[in-house]
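Here the structure is laid out as structure tokens; the discussion comes afterwards.
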Amino acid sequence: MLKLITALLFVLILSGNNICEGQSPEKKPVNVIILIGDGMGLSQFSVPYYYQKKEPVFSKFKHIGLVRTSSATHSITESAAAATAMFTGRKTYNSALGVDSDTIPQKNLVELLSSNQYLSGVVSTSSVTDATPAGFYAHESSRTYHREIALDLINSDIDFFAGGGLSYFIDTSGRDLFRENNIEVNFSKLKKIRKPEQGKRYGFILALNGMKPMLDGRGDYLPKATEISLDFLSGSDKSFILMVEGSQIDWAAHANNEDYLITEMNDFEKAVRVAYDFAVKDGNTLVIVTSDHETGGFTLGASGSNKYGSDYSTITPTFASTNHSASLVPLLAYGPGAETFTGIFENTAIFYKIIDLVFPE
Ligand code: MG
Ligand code: ZN
């Protein structure tokens with residue numbers, strides 16, 4: 001009899017739990033990491049599957065989408081309009097940064113989350129003032145205003161940044177804007193931030209403009225900067241949002257240089273691995289991997305000009321152009337809320353999906 005009662009109780013408890021689970025909404029992410037492979041279309045994305053020994057970390061992601069990238073003015077976007085779309089939810093004209101088609105500043109994810117106790121970080125292999133990272137914090141009518149963008153970064157809510165761009169931060173008036181704004185910047189090397197001071201912001205500016213290409217010895221800068229930023233951002237009791245960009249996949253494609261592209265793509269995959277491993281351990285972090293647009297009309301095609309002359313056993317990377325294309329780009333998601341990132345959607349939807357997850361009604 002006692003056994004029966006115990007069994008009945010057990011069933012009741014189980015079904016009770018099920019009801020609770022059925023009623024409560026999906027767990028919301030505490031932290032958000034967005035990794036952007038600039039210029040990464042599906043062929044670029046496929047590179048680590050053929051040019052790397054290890055199974056790419058991409059295979060671990062179970063929620064996959066495709067993103068439409070056109071800007072407000074052009075079928076084919078560039079990075080500033082794409083970053084503005086993803087980070088403010090607004091389609092705008094090509095080369096606009098954080099402003100709409102009428103050059104009106106639009107609130108970005110960093111601003112919205114910072115006012116809700118989030119720390120924020122940005123890591124890039126270009127200048128930190130380049131279009132993609134700038135789209136995360138700046139409001140300028142043109143991506144070419146690097147000095148103004150640098151000042152936007154100093155005056156922004158960004159708590160951690162890493163990349164190049166020193167030439168845009170040099171102040172001829174002799175003022176130390178970093179010190180005035182409680183930002184500690186390391187200009188020589190990447191290293192873990194030991195004992196961060198409460199409220200202090202940290203930066204690494206390690207090149208005059210863009211960081212070196214992998215082919216010229218950049219080494220493990222991107223995965224390491226990702227790790228150091230995660231270490232810093234997760235070190236307080238606040239939540240965080242981090243954007244990591246593999247900038248030079250795009251530059252390699254513009255240059256139609258396949259060796260450059262392959263090394264940059266494999267490097268980006270390593271940074272994604274760092275973010276993914278962090279999220280697995282953390283359990284409350286949403287990881288989004290996507291791109292702003294495709295560059296180069298890149299293919300992993302066979303060599304030869306017709307089907308009889310082709311060698312299907314050998315991939316011969318080729319480019320159709322030195323410019324961007326309108327191809328849809330892949331998106332991978334992992335963690336709480338990842339299931340909302342499946343299907344085909346506009347780049348602006350990335351912003352709204354994140355906002356809906358972080359601030360559920
Ligand atoms: Mg970029
Ligand atoms: Zn480009």
Side-chain angles (χ1 to χ4, degrees), residues 34-41 43-45 67 69-71 73-88 92-98 108-110 121-138 140 142-146 149-150 152-153 158 161-165 168 205-207 209-214 218 221-222 225-226 242-258 260-261 264-265 267-268 271-272 288-298 319-329 331 347 350:
I34 310 170
L35 299 110
I36 307 282
D38 197 317
M40 183 183 74
S43 289
Q44 287 87 344
F45 174 80
V67 183
T69 65
S70 296
S71 71
T73 49
H74 296 79
S75 303
I76 301 169
T77 190
E78 50 68 65
S79 294
T84 302
M86 291 187 280
F87 304 143
T88 74
T92 187
Y93 58 93
N94 280 8
S95 102
L97 272 179
N108 56 46
L109 284 174
V110 167
V122 61
V123 171
S124 173
T125 54
S126 59
S127 163
V128 289
T129 61
D130 209 40
T132 315
F136 205 49
Y137 60 79
E140 296 295 339
S142 169
R143 60 181 285 172
T144 60
Y145 301 154
H146 281 277
I149 296 165
D152 280 356
L153 175 60
I158 297 282
F161 54 90
Y168 308 115
I205 302 181
L206 303 173
N209 204 326
M211 299 292 293
K212 279 182 194 169
M214 286 305 286
R218 191 170 74 238
Y221 158 80
L222 187 63
T226 305
L242 170 68
M243 197 283 282
V244 175
E245 186 205 17
S247 321
Q248 299 191 30
I249 301 161
D250 173 72
W251 302 359
H254 280 294
N256 281 192
N257 180 334
E258 62 269 22
Y260 186 7
L261 192 152
E264 293 297 330
M265 194 55 225
D267 180 55
F268 179 66
V272 173
I288 297 163
V289 182
T290 190
S291 173
D292 49 357
H293 54 74
E294 195 276 341
T295 306
F298 182 62
F319 296 89
S321 84
T322 56
N323 295 310
H324 298 177
S325 81
S327 289
L328 276 61
V329 294
L331 181 145
N347 50 7
I350 297 169

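Indexing begins at 1, ligand by ligand and atom by atom, following the structure's order. Here, residue 1 is the first one in the sequence, and each next residue gets the next number.
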No-hydrogen, no-angle side-chain donor-acceptor test under 3.5 Å, E294 and S327: no
When you look at S247 and S126, which way does the side-chain hydrogen bond (donor to acceptor under 3.5 Å, both in side chains) test go after all the steps? CA-CA 6 Å; S247 321; S126 59; 3.2 Å; yes
S71 and N94: side chain donor to acceptor below 3.5 Å: yes
What's the verdict on side-chain hydrogen bond (donor to acceptor under 3.5 Å, both in side chains) for T69 and N347, showing C-alpha distance, side-chain angles and the deciding distance? CA-CA 6 Å; T69 65; N347 50 7; 5.7 Å; no
In the protein, N/O/S atoms that are found under 2.8 Å from the Mg ion (ligand 1), waters not counted: D38 OD2, T132 OG1, E245 OE2
Mind checking whether V289 and L331 have side chains closer than 4.5 Å, heavy atoms only? no
Could you tell me if the side chain of P213 sits less than 4.5 Å from the side chain of E264, heavy atoms only? yes
Around the Zn ion (ligand 2), how many protein N, O or S atoms are closer than 2.8 Å? 4
Name the one of T125, D292, D130, I249 that satisfies side-chain contact (heavy atoms from CB on, under 4.5 Å) with D38? D292
Do Y221 and T226 have side chains that approach each other closer than 4.5 Å (heavy atoms only, starting at C-beta)? no
Using 30° and 60° as the class limits, which term best fits the ring planes of H254 and H324: parallel, tilted or perpendicular? tilted
